[in-house]
Each structure stands twice: as structure tokens, then as C-alpha cells.
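Okay, structure first, notes after.
Throughout, numbering of the chain's residues begins at 1 and tracks the sequence.
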Amino acid sequence: MENGQPIQSKNKYLIFSFGFIVFVQLIASPFFENPSYILPIAAAAIFTLSLYGLSHYSKLNQKIISWLIILGNNFYILSLLFVNADFPYLFFLFFPIIMSLVYNDKYLHITMLIVTTIELTALLQILGPYFHPIKDANMVIYFSFLFVIVMLLLFIFTVKIGPQLKKLLIEKEVMSATLSSKDGYLDLFFEHAQDAIAVFTLDQRLLAVNPAFEEMYGWKKEECIGKPLQLTPPSEIEGMTERKKLLLQGRHFKNIRTKELRKNGTVFEAETTIAPIYDKNNEIIAISVIVRDITEKLQAERLKIDTIKLNAIGEIAATVAHEVRNPMTSVNGFVQLMNEDPENPYRPYTEIMESEIERVNLIANEFLILSKPNIKKRKEIDVENKIIEVIDLFKTELTNRQINCSLFLAEYPSTVFGNEESLKQVFINLMKNAIEAARDGGNITFFNSIVNNTISITLSDNGHGMNEETYKQLFIPFFTTKDGATGLGLVITKKIVLDHGGNIEFNGHRKTGTELTVSFPIYSLNKSKDPIMNAE
């Protein structure tokens, strides 16, 4: 016999059917000629309510409830026969047997056959004296024939049809559960996948998208379904067109590097898997696309490469600085002696040599900073206080050039863990660059914020800005756009920032002025204090 939800549904259906019949009889009972009918009908109504309560509110096994339903129906019909003992009513005793066929329980079938046989034998003995001899004899024959047919059908159902039907029902339930679980798992995968998933028609219209697609591209589902969206930047259209031709030929592409276009016009790097979808006739009907945003992955790779490069540069710098400074000390001493000699006929040349030697010494000193930045002595530092100190350091120059410098503090006080002098050097280098780039009477702004457990410092000026080629070479050693500069300032700055677990990034999309962001992991954050109110 089946268990759980299927049998419970059958129980509810039979209780409802039995209750409906009893309810109708209860309403009609005042019109019956025999008032004794009200007693078994009332008892049946109470029994039905009890069955309903047991089925819905008790933990009684549903199999036991099914037996109570069938036996209860049987005894209800039996009680009605005792109230009005008429031979034709004996046929109603077959109803519980037929009802038991609803359940695939051979023990219930056999029990009902035995109980009904005993009841019929007893009733025939009781009602026998009241039957008309000829008419009743014919009815006994018909009744016996019908009883034999019912028993034969019940036997065939119990032995042959029942087990096969039960097997089919079990297979159906298993298959239904399997299909449901597969559909459920597919739905869960589609809805909760971290990668963007989209299905396109062959004419590039969207059929379906998942929540990750909405978040990654910025398009809402209701905005894009059925529409041919532009998800590829113009520079990638040619490659996309070529891939589409190959897809229609049955090719697929796995984890290829692409550039994707968001709704707001920004472009991001992605790994994309594209494959055709076939119907049962093995014809291509749609295209599936799975996109993974690898912006953070590429940034991590670049940071790793930058760190390796800077460490290599540092090692070379230490060797070069040591080897250069020793001989240059001697050369510089002799050049100074020559410049102090009033009879020196080569004075103009030796003065040039002295200035160039000073430049070599400057580069050597910066090499030493690059090779061994002083970060071993670390402590908890308030970075925003260091910025204030640096602004005060350049206060005279800012006043002379009428440059307005604004500082916007983060919402809550925070600290980082690092070397105080090294971090101060970072902001000195950046401030120098900003002052040199800003116009007289211009503006320099520090905007600090707390982002994902980091303190982010954005420095911007309203200077002439930089072109794309300059942005690409900013952190290359010895690259500079300034006369007399060594081209190592930003390289040193970046190495110090990376050594502190931070990151430095220029905004290459800014059309006017220069904007860069330096971020450091927060060591401590004090949210117990009131939010900081900023003022220029």
C-alpha cells in the first residue's frame, strides 16, 4: 500500500464523499417514513467528523485511517439494513468492497470480503423468513450471481491488476519526483548561479536571463526579454559576428576572453562560454551564453605582476645604487676641488659635471628608497592625520599659487597598520604631482571614504590632465613628462602602497584634470563615534 501524501489525498476524498452523503441524508431524515433512520445517520455524521479530525490534526498513520473509513462505511450500511430490513438493500454492502479498491492493499480487500460474507450470511438468516417464496428465490439467485462476479473481480484485481497498478503508480511517482527534482535543480542553478546566463534566439533576441545577468549588465529582466540588446562594445562587434557564423555551423567556444558592454556604457573584461542549443531534430534553435566577470581576477594578476616587477627593480636598484655611489663620491670630490681652483681653465665644464653628478646621486638615493622602503617599523597609523600633515607641509606653496586644497574625511575614524614615514612619503609624492599639475588658482581635493573594509583616498586636481598613452606608462621606471625629474616617484609610491597591502589606480576615463585612488586595508574602525562632518 502506498504511503504519505497519495494515501492522505485518497482519505480526504473518501471522507468528503462519505460526509456529503451523510449530510444529505441528515437533511432529508425528517421526510423519512421510518424515524429510526435518524440514529444511524447521526452516528455516521459524528463518525465522519471524527475521521476528518484524525486525518487533519492527528499523527495517526494514514493507513489506519483508510481502514477506519472502509469499515465505518460498512457498519453504517449494516446499521441502515437493521433499521429497514429489505432484501434489495443488501446490494449496498458491496459499496465498501468497491471503495476498498481505491487502496492498493490486498489485506484490506480480503478483510472486506470476509466481513461482507459473514454479514450477508447473518442477514440472509435474519431476513429469510420475510422474503416472498418465488420472488425472493429469484432475487437470491441474482444476488448470489452478482456476489460471485464481485468476488471474482476483486480476486483478479487483488492478484493481478492491483500489483501491476501499484507498480505503475510507484514508477509514476518516482519519475515525477525525479523530473520535479531535475527541474527544481535546474531552476535553482539558473537562478542562483554567480555567472551571468542568457539564452538568445538566432536573430539575437533575448529569451531568458538569470539574476546574475541583471546585476552584471545592469538590465532588468522585463527590460530586455524579447529585445536585441547591444552587449558588445563597438571594438568587439567584428569578432562577435565571426563567432556567430561559426556557432550556426555547430561550433562552441569555452572560456574565451571577451569585452562586454553594460547598460551604463562601461566595458568589463569577461570569460565567456557560448554554445548552440539543439531541438529533438538536432537543429540549432537558440544560443546559450555564460559570462564570468574577471575584472577582479585581472586586477589581482596585474597586482601580482607589478609586485614581482617592483621587487625585481628594487633588487637591481640596490645593486646599482651601491655600485654607482662609491665611484661617484670620488669623482665628485675631485670635481669640487677643480671648481675651487681659480686657475681652472675648464670651470664651465666641471660645473656642468658637478650638477650632473648631483643628479646621479639623486637617482641613486631614490634607488635606495625603492629597494628598501622603511616598512619594517610598523604601527597603527591614522592615515587621514598624515594627509593633514602633508597639506600643512605644502601650505606656503598652495598659498603662493592660490591653489585651494579641500579635504573630505571618511564617515568614521579609522587606522591602517604600516610604516609612518613611508606612508607620509606616499602622500608627499602625490601632493607634489598634484600641485605641479594644478593651475594657479585651481583646486586639489582629497575625498576619503570607507569601502569594503578599506579606506579609499581619492585625490583629484583640475590641471591639464593626461592622454591615454601617458596613463599606460605612469608606473614604468624613468618615464616622466617633467623636465629634470627622475621618473621614479610614482614607481616608489606604488611599491610602498603594495607593500602595505594597498592599491593605487588612476582614473583613465577622466577628460579634464587628474584623478587617482589609493586604498589601504583598515586595521581598526571606530563606529562608536558620531559620523564626521566635513568642511572645506
Side-chain angles (χ1 to χ4, degrees), residues 299-300 302-322 362-394 407 410 414-437 444 446-448 451 453-461 471 473-480 482 485-507 514-524:
Q299 286 177 348
R302 293 189 191 107
L303 282 175
K304 184 177 179 181
I305 293 170
D306 287 345
T307 302
I308 293 171
K309 285 166 61 178
L310 287 172
N311 286 335
I313 291 170
E315 291 176 6
I316 295 170
T319 304
V320 172
H322 177 73
L362 175 64
I363 293 173
N365 288 334
E366 291 193 336
F367 267 5
L368 288 175
I369 296 173
L370 180 62
S371 62
K372 294 182 180 179
N374 187 22
I375 62 170
K376 291 184 179 180
K377 298 178 180 178
R378 292 177 180 246
K379 65 177 184 178
E380 193 173 354
I381 304 164
D382 188 331
V383 172
E384 294 185 319
N385 280 341
K386 291 292 127 191
I387 296 173
I388 293 171
E389 289 179 15
V390 170
I391 293 173
D392 288 340
L393 186 65
F394 289 93
L407 172 60
S414 63
T415 62
V416 302
F417 192 72
N419 180 266
E420 191 171 8
E421 291 303 317
S422 296
L423 290 178
K424 189 173 181 179
Q425 184 65 48
V426 166
F427 296 111
I428 288 174
N429 291 350
L430 297 178
M431 190 67 174
K432 278 182 181 178
N433 290 342
I435 290 174
E436 290 172 3
I444 295 174
F446 285 88
F447 185 87
N448 303 344
V451 181
N453 205 33
T454 65
I455 179 166
S456 179
I457 301 135
T458 300
L459 173 61
S460 60
D461 64 61
Y471 275 115
Q473 302 178 75
L474 280 174
F475 297 107
I476 296 177
F478 306 111
F479 171 78
T480 181
K482 305 170 190 173
T486 62
L488 292 173
L490 281 177
V491 178
I492 292 170
T493 299
K494 184 167 186 176
K495 180 163 177 54
I496 294 172
V497 171
L498 291 178
D499 286 340
H500 283 77
N503 187 32
I504 180 170
E505 202 171 61
F506 278 83
N507 181 0
T514 305
E515 182 180 278
L516 63 90
T517 300
V518 183
S519 59
F520 296 100
I522 290 175
Y523 183 74
S524 68

One pair to check against side chain to side chain contact (heavy atoms under 4.5 Å, CB included): Phe447 and Glu515. What are the steps and the verdict? CA-CA 11 Å; Phe447 185 87; Glu515 182 180 278; over 6 Å; no

Among all residues two or more places apart in sequence or in another chain, which pass the side chain to side chain contact (heavy atoms under 4.5 Å, CB included) test with Thr415?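 Only Glu380, Tyr523, Ser524 meet the side chain to side chain contact (heavy atoms under 4.5 Å, CB included) criterion with Thr415.
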
Who passes side chain to side chain contact (heavy atoms under 4.5 Å, CB included) against Leu393, sequence neighbours left out?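 Partners of Leu393 by the side chain to side chain contact (heavy atoms under 4.5 Å, CB included) criterion, ordered by chain and then number, come out as Ile428.
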
Quick check: closest heavy atoms across [X] and [Y], and the distance to 0.1 Å?
X      : Y      : answer
Ile381 : Gly418 : CD1-O, 3.0 Å
Ser422 : His500 : CB-CE1, 4.1 Å
Arg378 : Asp499 : NH2-O, 3.0 Å
Gly501 : Pro521 : O-CD, 3.4 Å
Asp461 : Ala434 : OD2-CA, 3.9 Å

Out of curiosity, [X] [atom1] to [Y] [atom2], how far, rounded to the nearest 0.5 Å?
X      : Y      : atom1 : atom2 : value
Ile504 : Leu498 : CD1   : CG    : 9.0 Å
Gln425 : Ile496 : CD    : CD1   : 6.0 Å
Thr493 : Leu423 : OG1   : CG    : 11.0 Å

With the side chain counted from C-beta on, respond yes when [X] and [Y] share a heavy-atom pair under 4.5 Å apart, and no when they do not.
X      : Y      : answer
Ile444 : Ile435 : yes
Ile455 : Val518 : no
Asn448 : Leu407 : yes
Leu490 : Phe506 : yes

Take Thr517 and Asn503 through the test side chain to side chain contact (heavy atoms under 4.5 Å, CB included) and record every step on the way to the result. CA-CA 8 Å; Thr517 300; Asn503 187 32; over 6 Å; no

Which residues pass the salt bridge (Lys or Arg N to Asp or Glu O under 4.0 Å) test with Glu389, sequence neighbours left out?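 Checked Glu389 against salt bridge (Lys or Arg N to Asp or Glu O under 4.0 Å); matches are Lys386, Lys424.
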
Go through the steps to decide whether Phe427 and Val383 satisfy the test side chain to side chain contact (heavy atoms under 4.5 Å, CB included), and finish with yes or no. CA-CA 10 Å; Phe427 296 111; Val383 172; 3.5 Å; yes

Side chain to side chain contact (heavy atoms under 4.5 Å, CB included) between Asn433 and Leu516: does it pass, once the steps are laid out? CA-CA 11 Å; Asn433 290 342; Leu516 63 90; over 6 Å; no

Could you tell me which residues satisfy side-chain hydrogen bond (donor to acceptor under 3.5 Å, both in side chains) with Ser519, sequence neighbours excluded, listed by chain and number?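 Applying side-chain hydrogen bond (donor to acceptor under 3.5 Å, both in side chains) to Ser519 gives none.
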
